[in-house]
Peer 1: 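One structure, pasted below without further comment.
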Amino acid sequence: MPQNINKAVEKVLDAYPAKVMKNRKSHMVIRETEKIQEIDANTRTIPGIITNRGCAYAGCKGVVIGPIIDMVHIVHGPIGCAYYTWGTRRNKGKTREGGQNFLEYSFCTDLGESDIVFGGEKKLIKAIDEAVALFHPKAISISATCPVGLIGDDIHQVAKQATKEYGIPVLSFSCEGYKGVSQSAGHHIANNKLMSEVIGKNEAYEAKAYSINMLGEYNIGGDEWEISRVMNKIGYHVITSMTGNSVYDEIAAAHKADLNIVQCHRSINYIAEMIEKKYGLPWIKVNFIGIASMSKSLRDMAKYFGDEELINRTEQVIAEEIAEIEEDITHYKKMCEGKTAMLFVGGSRAHHYQGLLKELGMETILAGYQFGHRDDYEGRDVIPNIKLDADSRNIEEIKVEKDQDNYQLRISEEKYKQLQEEIPLGNYKGMISEMGDGTVVIDDLNHFETEQFVKALKPDMFGSGIKDKYMVQKMGVYSKQIHSYDYAGPYAGFRGAVNFARDIAAGMNTSAWKYIISPWKKEPIITGKMGVDQVC
Ligand code: SF4
């Protein structure tokens with residue numbers, strides 16, 4: 001356990017002006033496992049502090065809506081927002097037989113000066129027109145960027161008209177970048193629209209036994225494919241993943257499943273809750289990163305269904321899968337054992353990866369989220385105590401009612417209560433509860449703090465994103481991208497655990513780290529003689 005953590009935190013805070021210091025202090029927690037601890041989160045970013053956060057548009061189009069493969073996603077705005085999100089998030093998708101896949105494209109209305117002055121609606125109508133004529137997509141999305149809200153373009157009216165005219169769903173998202181305080185607002189905006197206009201619309205879909213939806217899984221580097229491989233082997237039928245590798249019609253049939261499993265709680269808990277209220281379909285929190293977490297999640301799912309055959313099959317598959325990877329994991333563990341990690345990732349992975357690191361003999365000494373809320377840190381029990389501030393109050397909360405035709409209790413209320421004692425049914429305990437004494441939890445870590453904590457805690461690995469990867473590596477510490485996986489993967493599931501172990505074992509042990517300091521800075525390498533017999 002790091003002894004110098006208190007000092008490191010004090011030193012960082014000391015460098016700030018009083019007001020900033022007070023703010024940042026409330027976003028840091030030094031873990032004391034005996035205590036119930038609170039953290040400030042989901043509040044406005046301090047200007048000029050060099051945050052890693054993104055915007056609501058990134059959370060809506062970039063994270064939740066963009067991965068739906070057979071929709072044309074039109075970015076309504078100047079070109080930058082579309083260009084910088086073109087293929088940079090590695091959500092993969094396989095074209096269904098006879099279906100379409102637009103993942104390779106980036107569509108944009110490319111607003112210019114005159115559109116800002118005279119309005120961009122005409123250009124948007126023309127873009128939809130062109131998209132329909134050229135691509136005949138299943139559905140279209142329109143994502144608003146910063147200027148759209150300011151100039152007052154009515155994208156919802158345009159979408160309504162286009163839906164009528166072309167007979168395909170056209171979904172409009174008011175996810176202007178300045179809404180909320182981070183990507184998180186965009187997740188919420190996307191969840192609302194998927195719930196009100198997509199989920200439940202595919203009535204013809206015929207669900208099979210053990211039908212599930214995988215919520216908050218975006219198929220980065222093929223994660224969803226690897227998880228689905230195991231699910232299919234056990235006998236589950238995955239109706240849809242939301243939204244990695246998804247197609248419109250499958251999302252529209254999500255209400256036909258018997259269970260929602262939630263991987264990324266932050267980005268999709270709204271849909272999980274609303275589907276339960278509207279269709280009676282419960283959700284459980286799962287974690288498919290790491291061997292123990294994957295096994296536990298599969299066992300929890302089997303327990304929910306309670307079928308003896310499914311439970312046995314689950315055990316059989318877990319045993320087979322572990323037998324297949326055991327040797328590799330043991331090998332890589334030898335290269336990772338005893339090392340420490342710092343994790344700073346979006347809104348869920350800083351928690352998800354801690355178990356896998358532990359299995360490799362590594363300890364996570366610092367962890368934080370860019371845009372987690374207090375419930376992602378402290379658990380969902382804290383939700384009634386969270387006060388919405390002015391920055392988040394403008395994000396719409398939609399209310400759903402029981403669907404009279406399609407509501408169906410999947411399990412009795414007694415069974416639900418009984419299962420809640422055993423599995424995370426409708427609940428998530430958050431990251432803090434699983435962190436050890438003396439570790440530190442930091443919300444919205446910035447570049448100054450990253451540098452200071454890397455210097456003070458000297459981790460062997462820093463798991464984060466592209467923006468801080470190279471600054472950390474310049475300090476001589478291996479940095480692993482946990483968003484893009486450094487263009488590798490999958491990292492989820494049993495086989496994914498081996499991929500991750502191999503990649504970080506290689507990254508931490510590469511001989512390049514030994515050559516950072518020039519040899520002549522460590523020891524004199526030139527020897528010479530002065531005079532006859534004096535050596536200097
Ligand atoms: S903040 Fe605004 S301009 Fe920047 S990427 Fe987001 S939507 Fe685009």
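Note: hydrogens, waters and symmetry copies are ignored here, and every other heavy atom, side chains too, is used.
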Peer 1: What's the separation between atom CD1 in Ile423 and atom CD1 in Ile284, rounded to the nearest 0.5 Å?
Peer 2: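 Here the rounded value is 5.0 Å.
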
Peer 1: Is a side-chain donor or acceptor of Thr330 paired with a backbone partner of Glu326 at a separation under 3.5 angstrom?
Peer 2: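 Here the side-chain-to-backbone pair exists.
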
Peer 1: Would you call the rings of Phe305 and Tyr210 parallel, tilted or perpendicular, taking 30° and 60° as the class edges?
Peer 2: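 Taking Tyr210 first and then Phe305, their aromatic rings stand perpendicular (interplane angle over 60°).
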
Peer 1: With a 4.5 Å limit on heavy-atom distance, are the side chains of Ile322 and Ile291 in contact?
Peer 2: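 They are in contact (side-chain heavy atoms under 4.5 Å apart), so the answer is yes.
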
Peer 1: With the side chain counted from C-beta on, respond yes when Ser295 and Phe494 share a heavy-atom pair under 4.5 Å apart, and no when they do not.
Peer 2: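 Counting from C-beta outward, Ser295 and Phe494 do come under 4.5 Å.
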
Peer 1: Kindly compute the distance separating SG (Cys81) from CH2 (Trp86), expressed to the nearest 0.5 Å.
Peer 2: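 One finds 15.0 Å between SG of Cys81 and CH2 of Trp86.
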
Peer 1: Between Ser228 and Glu224, do the side chains contain a donor N or O and an acceptor N or O under 3.5 Å apart?
Peer 2: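 There is such a pair between these side chains.
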
Peer 1: Knowing that exactly one of Glu217, Lys92, Arg96 qualifies, which makes a side-chain hydrogen bond (donor to acceptor under 3.5 Å, both in side chains) with Asn245?
Peer 2: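 Output: one option passes, namely Arg96.
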
Peer 1: More than 12 heavy atoms of other residues, nucleotides or ligands under 6.0 Å from NZ of Lys522: is that the case?
Peer 2: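 Atom NZ in Lys522 is crowded, with more than 12 foreign heavy atoms closer than 6.0 Å.
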
Peer 1: Please determine whether the number of non-hydrogen atoms from other residues, nucleotides or ligands lying under 6.0 Å from atom NZ of Lys233 exceeds 12.
Peer 2: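 Check passes, neighbour count above 12.
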
Peer 1: Just so I know, are the side chains of Met274 and Ile199 near enough to count as touching, which here means a heavy-atom distance under 4.5 Å?
Peer 2: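 A side-chain contact under 4.5 Å is absent here.
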
Peer 1: Can you tell me if NZ on Lys467 sees more than 12 non-hydrogen neighbours from other groups inside 6.0 Å?
Peer 2: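 It does: Lys467 NZ has more than 12 such atoms within range.
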
Peer 1: May I have the step-by-step check of side-chain contact (heavy atoms from CB on, under 4.5 Å) for Ile65 and Thr243, ending in yes or no?
Peer 2: CA-CA 7 Å; Ile65 302 304; Thr243 52; 5.9 Å; no

Peer 1: How many angstroms lie between CD1 in Ile268 and CG in Asn260, if you round to the nearest 0.5 Å?
Peer 2: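 Reported value, rounded in 0.5 Å steps: 9.0 Å.
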
Peer 1: Given side chains that start at C-beta, do those of Ile5 and Leu457 come closer than 4.5 Å, heavy atoms only?
Peer 2: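 Yes, side chains in contact.
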
Peer 1: Side-chain contact test, heavy atoms from C-beta onward, threshold under 4.5 Å: evaluate it for Leu343 versus Gln354 and give yes or no.
Peer 2: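 Counting from C-beta outward, Leu343 and Gln354 do come under 4.5 Å.
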
Peer 1: Do any N or O atoms from the side chain of Arg380 and from the backbone of Asn427 form a donor-acceptor pair under 3.5 angstrom?
Peer 2: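 Answer holds: no.
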
Peer 1: Judged by modelled atom types alone, do Gln183 and Gln370 share a side-chain donor-acceptor pair under 3.5 Å?
Peer 2: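 Judged by distance alone, the side chains do pair up.
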
Peer 1: Looking at Asn219 and Asp223, would you say the former's side chain and the latter's main chain have a donor-acceptor pair under 3.5 Å?
Peer 2: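 The answer is yes, because a donor-acceptor pair under 3.5 Å joins these two groups.
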
Peer 1: Got a second to check how far Arg374's CZ is from Ile383's CD1, nearest 0.5 Å?
Peer 2: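 If I round to the nearest 0.5 Å, the distance is 10.5 Å.
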
Peer 1: Before giving the answer on side-chain hydrogen bond (donor to acceptor under 3.5 Å, both in side chains), spell out for Asn287 and Ser297 the whole-Å C-alpha distance, their side-chain angles and the decisive distance to 0.1 Å.
Peer 2: CA-CA 6 Å; Asn287 176 13; Ser297 297; over 6 Å; no

Peer 1: Determine whether the side chains of Glu309 and Asn312 contain a donor N or O and an acceptor N or O closer than 3.5 Å.
Peer 2: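 Side-chain D/A pair, Glu309 to Asn312: absent.
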
Peer 1: For the pair Asp444 (side chain) and Arg53 (backbone), establish whether a donor and an acceptor sit closer than 3.5 Å, ignoring hydrogens and angles.
Peer 2: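 Not a single qualifying donor-acceptor pair exists.
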
Peer 1: Does the side-chain contact (heavy atoms from CB on, under 4.5 Å) test come out yes or no for Lys415 and Tyr304, once each step is laid out?
Peer 2: CA-CA 9 Å; Lys415 177 90 181 152; Tyr304 166 84; over 6 Å; no

Peer 1: Has Ser484 got a side-chain atom pairing as donor or acceptor with Asp486's backbone, closer than 3.5 angstrom?
Peer 2: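 Answer holds: yes.
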
Peer 1: Walk me through whether Arg229 and Glu226 qualify under salt bridge (charged side-chain N to carboxylate O under 4.0 Å, His left out).
Peer 2: CA-CA 5 Å; Arg229 181 186 67 78; Glu226 178 52 20; 2.8 Å; yes

Peer 1: Do any N or O atoms from the side chain of Asn213 and from the backbone of Leu215 form a donor-acceptor pair under 3.5 angstrom?
Peer 2: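 No, Asn213 side chain to Leu215 backbone: no donor-acceptor pair under 3.5 Å.
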
Peer 1: Can you give me the closest heavy-atom contact between Ile442 and Phe344, atom names plus distance?
Peer 2: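 Looking at all heavy atoms of both residues, the shortest contact is O-CE1, 4.2 Å.
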
Peer 1: Looking at Ile289, Val345, Ile220, which hits side chain to side chain contact (heavy atoms under 4.5 Å, CB included) with Ile482?
Peer 2: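 The single option meeting the side chain to side chain contact (heavy atoms under 4.5 Å, CB included) with Ile482 is Val345.
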
Peer 1: Taking all atoms of both residues into account, what is the closest heavy-atom pair of Ser267 and Val64, and its distance?
Peer 2: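 Shortest heavy-atom separation between Ser267 and Val64 comes out as O-CG2, 4.4 Å.
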
Peer 1: Around Tyr105, counting heavy atoms of other residues, nucleotides and ligands shown, do more than 12 lie under 6.0 Å from its OH?
Peer 2: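 12 or below, so no.
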
Peer 1: Determine whether the aromatic ring centres of residues Phe500 and Tyr332 are separated by less than 6.0 angstrom.
Peer 2: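 Centroid distance Tyr332-Phe500: not below 6.0 Å, so no.
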
Peer 1: Please give me the minimum heavy-atom distance between Ile69 and Lys94, naming the atom from each residue.
Peer 2: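 Heavy atoms only, the tightest pair is CD1-O, 3.2 Å.
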
Peer 1: Show the nearest heavy-atom pair for residues Ser106 and Ala82, with the distance to one decimal.
Peer 2: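 Looks like OG-O, 3.3 Å.
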
Peer 1: With no hydrogens and no angle check, just 3.5 Å: does a side-chain donor-acceptor pair link Tyr491 and Arg495?
Peer 2: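 The answer is no; no qualifying pair exists.
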
Peer 1: Does Arg266 reach the main-chain N or O of Gly216 with its side chain, forming a donor-acceptor pair under 3.5 Å?
Peer 2: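 Side chain of Arg266 to backbone of Gly216, a donor-acceptor pair under 3.5 Å: no, none is there.
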
Peer 1: I'd like to know if the side chain of Thr240 and the backbone of Met242 have a donor-acceptor N/O pair within less than 3.5 Å.
Peer 2: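 Between the backbone of Met242 and the side chain of Thr240 there is no qualifying donor-acceptor contact (under 3.5 Å).
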
Peer 1: Heavy-atom distance under 4.5 Å between the side chains of Ser348 and Gln263, does that happen here?
Peer 2: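 They are not in side-chain contact.
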
Peer 1: Does Arg502 form a salt bridge (charged side-chain N to carboxylate O under 4.0 Å, His left out) with Asp328? I'd like the steps, not just the answer.
Peer 2: CA-CA 8 Å; Arg502 183 198 54 227; Asp328 286 342; over 6 Å; no

Peer 1: What are the two closest non-hydrogen atoms of Tyr236 and Ala302, and how far apart are they?
Peer 2: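 Scanning both residues, the minimum pair turns out to be OH-N, 3.4 Å.
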
Peer 1: Between the side chains of Tyr485 and Asn499, is a donor N or O closer than 3.5 angstrom to an acceptor N or O?
Peer 2: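 Note: Tyr485 and Asn499 side chains miss the donor-acceptor criterion.
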
Peer 1: Check step by step if side-chain contact (heavy atoms from CB on, under 4.5 Å) holds for Gln37 and Glu378.
Peer 2: CA-CA 8 Å; Gln37 292 172 295; Glu378 299 171 49; over 6 Å; no

Peer 1: So, do Phe462 and Asp468 sit near enough that their side-chain heavy atoms are less than 4.5 Å apart?
Peer 2: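 A side-chain contact under 4.5 Å exists here.
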
Peer 1: So do the side chains of Ile325 and Glu321 get within less than 4.5 Å of each other, counting heavy atoms only?
Peer 2: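 With C-beta onward as the side chain, the pair stays apart.
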
Peer 1: For His265 and Trp283, take the angle between the two ring planes, folded into 0 to 90°, and tell me which bin it lands in: parallel under 30, tilted 30 to 60, perpendicular over 60.
Peer 2: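 His265 vs Trp283 ring planes: tilted.
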
Peer 1: So, taking the atom named CG in Asn23 and the one named CD1 in Ile49, what distance separates them when rounded to the nearest 0.5 Å?
Peer 2: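 Result: 7.5 Å between the selected atoms.
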
Peer 1: Determine, stepwise, if the pair His373 / Asp376 fulfils side-chain contact (heavy atoms from CB on, under 4.5 Å).
Peer 2: CA-CA 5 Å; His373 295 202; Asp376 303 298; 3.7 Å; yes

Peer 1: Please report the closest heavy-atom contact between Gln420 and Leu425, naming both atoms and the distance.
Peer 2: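 Nearest pair, atom of Gln420 first, then Leu425: NE2-O, 3.0 Å.
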
Peer 1: For Ile271, is there any backbone N or O sitting under 3.5 Å from a side-chain donor or acceptor partner on Asn191?
Peer 2: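 Between the backbone of Ile271 and the side chain of Asn191 there is a qualifying donor-acceptor contact (under 3.5 Å).
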
Peer 1: State whether the side chain of Lys458 and the backbone N or O of Lys455 hold a donor-acceptor pair below 3.5 Å, judged by distance alone.
Peer 2: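 Flag set: sc Lys458 to bb Lys455 pair under 3.5 Å.
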
Peer 1: For Ile36, is the CD1 atom crowded, meaning more than 12 foreign heavy atoms sit under 6.0 Å from it?
Peer 2: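 Counting neighbours around CD1 of Ile36, 12 or fewer heavy atoms of other residues, nucleotides or ligands fall under 6.0 Å, so no.
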
Peer 1: Distance from Arg24 atom CZ to Asp40 atom CG, nearest 0.5 Å?
Peer 2: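 Answer rounded to 0.5 Å: 9.5 Å.
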
Peer 1: Do Arg89 and Tyr218 meet the cation-pi criteria used here (NZ or CZ under 6.0 Å from the six-membered ring centre, within 45° of the axis)?
Peer 2: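 That pair qualifies as a cation-pi contact.
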
